[in-house]
There are 2 protein chains.
Amino acid sequence: MVMTCPRRTKIEKIEHLSSRQVTFSKRRKGLFNKAGKFSVRCGAEIAVIVFSNTKKMYQFSSPSMEHILSRRNRVMKERAGGSVMESPEKKSQHEAPSLSSDSLSAIAAVLQEENRALNLDGSRLKGLELDGMSLRELNELEKQIREGIESIEKRKIDVENYYQQPVYMLEDSDRLDGNTSNFFSGTSSSAISDCIESELSKQFVDTCLHL
Amino acid sequence: MVMTCPRRTKIEKIEHLSSRQVTFSKRRKGLFNKAGKFSVRCGAEIAVIVFSNTKKMYQFSSPSMEHILSRRNRVMKERAGGSVMESPEKKSQHEAPSLSSDSLSAIAAVLQEENRALNLDGSRLKGLELDGMSLRELNELEKQIREGIESIEKRKIDVENYYQQPVYMLEDSDRLDGNTSNFFSGTSSSAISDCIESELSKQFVDTCLHL
DNA sequence: GACTATGTATAACC
DNA sequence: GGTTATACATAGTC
């Protein structure tokens, strides 16, 4: 019988390199596992990004990483907008100032990155570019797609009924449809797109950029 | 003496709303705490982003979130660049010429529109924003999605077989397991994006965005 | 990489 | 929000 145990309560960097590396692997696995259970059990969306000492990157996310990061971008943009417009006169919008070349290029760059992410998301929903996805991610993707099919089938029935029914049924049909998009209500483009639309100040652009 | 215990091994969504919310808080705290200790003990950089059912966002990160996300962007960028079949000349690119404000606005506008379209595409593949689609279009969409599922199922089988490979494959398998998307097929969105990519790459993407 | 003694997280109760 | 019985994670050893 061996005296094997984690007796240390001290949270400090592990000195010995090799044992630090093995601990890294174990804890990473544990953390990702915990994150996964958390997301399932609480219906939450979770993303975890880890960089090891050896510069290697690992990531876990419950829906896709791109999805969560873009959702975060949206939130950050809202917050930035809220805090920037904190002045009492926030209703009185300034005349949209033209953006500097720097801001524009920054925006273009971010848009480009968002495009890349959106493209990847879209491709994967079509079953393309699946390289590098874990089994877990694939299952998640498949689940999402199957939910999508259900919505589409429902919608098809609605549309069929629409053709077969007098006009006064239209409203109900639309209501039903409105309920269909329950989870992602705010699917209006992206944070950065909005950014351009409202032509916000350079200050805000900088906020956007600290993704 | 009460029989209080977490006897459930089943990992499924908690039914009751209020208990799900309290569990969310507890688990979130636990996860963040664990992430923090992990980062200290292993000298790793960690970022965690959580969205609750109630749409609230929480985040934890060991250095700053911005630092980690920008580091991730850099990695993704490298991977995308690495897997793209680059023409030999492409390495010796021209000195990025600075673009006029006007051209940048135009580029941004195009990107924005592209973004909008991509967003809509993605949403529809998820069964959202189906308003205004004809029956024929819906059928087309469904067909595409079903093809996607087939690819994914095939891919899942591949990945499963991958896991069953002998030990010498383990290193790669571990990377897959860690959800590390090791190679990103860097298919740029479109001709326009490609064009912009070359124009912007050095000057803006690298400099401004730290991609 | 498996084992296991011990530490830690947490689900149901108050 | 505190407590506690149990499930789970993990550090050290083989």
Side-chain angles (χ1 to χ4, degrees), chain A residues 1-54 56 58-60 62 134-136, chain B residues 1-46 48-54 56 58-62 162-180:
Chain A
M1 191 71 85
V2 276
M3 271 283 282
T4 89
C5 54
R7 8 185 79 85
R8 54 170 70 247
T9 313
K10 298 182 67 173
I11 299 302
E12 57 186 3
K13 186 162 175 177
I14 295 175
E15 348 50 47
H16 196 50
L17 179 64
S18 69
S19 69
R20 187 167 67 221
Q21 284 172 337
V22 64
T23 295
F24 176 85
S25 290
K26 288 180 178 180
R27 275 186 178 259
R28 176 173 57 81
K29 185 180 164 191
L31 190 73
F32 285 2
N33 193 25
K34 186 162 288 261
K37 296 195 183 156
F38 180 21
S39 79
V40 170
R41 206 139 169 63
C42 301
E45 301 191 348
I46 301 184
V48 185
I49 302 168
V50 176
F51 283 97
S52 75
N53 245 357
T54 60
K56 284 187 74 170
Y58 303 85
Q59 55 185 22
F60 166 88
S62 149
S134 70
L135 199 56
R136 180 192 176 76
Chain B
M1 187 70 88
V2 277
M3 270 284 281
T4 89
C5 53
R7 18 181 73 85
R8 55 171 68 251
T9 312
K10 299 182 68 174
I11 298 300
E12 56 187 4
K13 186 164 178 176
I14 295 174
E15 349 49 44
H16 195 51
L17 178 64
S18 68
S19 68
R20 186 167 67 221
Q21 283 171 336
V22 64
T23 294
F24 176 85
S25 290
K26 288 180 177 179
R27 273 185 179 261
R28 175 173 55 80
K29 187 182 161 190
L31 188 73
F32 284 2
N33 193 24
K34 188 163 286 265
K37 296 191 183 163
F38 179 22
S39 78
V40 171
R41 204 135 170 66
C42 302
E45 302 191 350
I46 302 184
V48 185
I49 302 169
V50 177
F51 283 97
S52 75
N53 244 356
T54 60
K56 285 189 74 172
Y58 303 84
Q59 54 185 29
F60 166 87
S61 63
S62 145
Y162 192 69
Y163 277 118
Q164 291 161 7
Q165 300 281 327
V167 184
Y168 57 78
M169 293 296 290
L170 265 180
E171 187 179 71
D172 286 327
S173 144
D174 190 48
R175 285 162 74 183
L176 258 183
D177 180 52
N179 287 319
T180 309

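Across all strands, B:T23 comes closer than 4.0 Å only to sugar-phosphate atoms, never to a base (heavy-atom distances).
Atom CZ in B:F32 sits roughly 14 Å away from atom P in C:dA9 (whole-Å rounding). Rounded to an integer number of Å, the gap from CZ of B:R27 to C1' of D:dC8 is 10 Å. Between the P atom of C:dA9 and the NZ atom of B:K29 lies a distance of 9 Å, rounded to the nearest Å. Rounded to whole Å, the distance from CD1 on B:I14 to C1' on C:dT10 is 10 Å. Here the P atom of nucleotide D:dA11 and the NZ atom of B:K37 are 11 Å apart, to the nearest Å. Distance, A:L31 CG to C:dA9 C1': 13 Å, rounded to whole Å. Atoms NE2 (B:H16) and C1' (C:dC13) sit 14 Å apart, rounded to a whole Å. Atom pair A:Q21:CD and D:dG12:C1' shows a separation of 17 Å (rounding to whole Å applied).
Within the 4.0 Å cut-off from OP1 or OP2 of C:dA9, at least one side-chain nitrogen or oxygen of B:N33 is found.
If you check distances only, the side chain of A:K26 does reach the base of D:dG12 with a donor-acceptor pair under 3.5 Å.
Residues passing the side-chain contact (heavy atoms from CB on, under 4.5 Å) test with A:S18, sequence neighbours excluded: A:H16. Every residue was checked against the side-chain hydrogen bond (donor to acceptor under 3.5 Å, both in side chains) condition with B:T23, not counting sequence neighbours, and none meets it. Remark: B:K26 pairs with B:V22 by the side-chain contact (heavy atoms from CB on, under 4.5 Å) rule, at least two apart or across chains. Residues forming a ring-ring contact (aromatic ring centres under 6.0 Å, His included) with A:F38 (at least two apart in sequence, or on another chain): B:F24. For A:S62, the side-chain contact (heavy atoms from CB on, under 4.5 Å) criterion is met by A:S39, not counting sequence neighbours.
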Open item on the list: What verdict does the side chain to side chain contact (heavy atoms under 4.5 Å, CB included) test give for B:F32 and B:V50, after you've listed the backbone C-alpha separation in whole Å, the side-chain angles of each residue and the deciding distance to 0.1 Å?
Closed with: CA-CA 10 Å; B:F32 284 2; B:V50 177; 3.9 Å; yes
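Taking the C1' atoms of five terminal pairs at each end of the helix from C:dG1-D:dC14 to C:dC14-D:dG1, the two resulting helix axes are inclined by 30°, rounded to 10°.
With B:R41 contributing its side chain and A:K13 its backbone, the two residues share no donor-acceptor pair below 3.5 Å.
Nearest nucleotide to the B:K34 side chain, out of D:dT10, C:dA11, D:dC8: D:dT10. Checking C:dT10, D:dA11, D:dT10 against the side-chain heavy atoms of B:R41 singles out D:dA11 as nearest.
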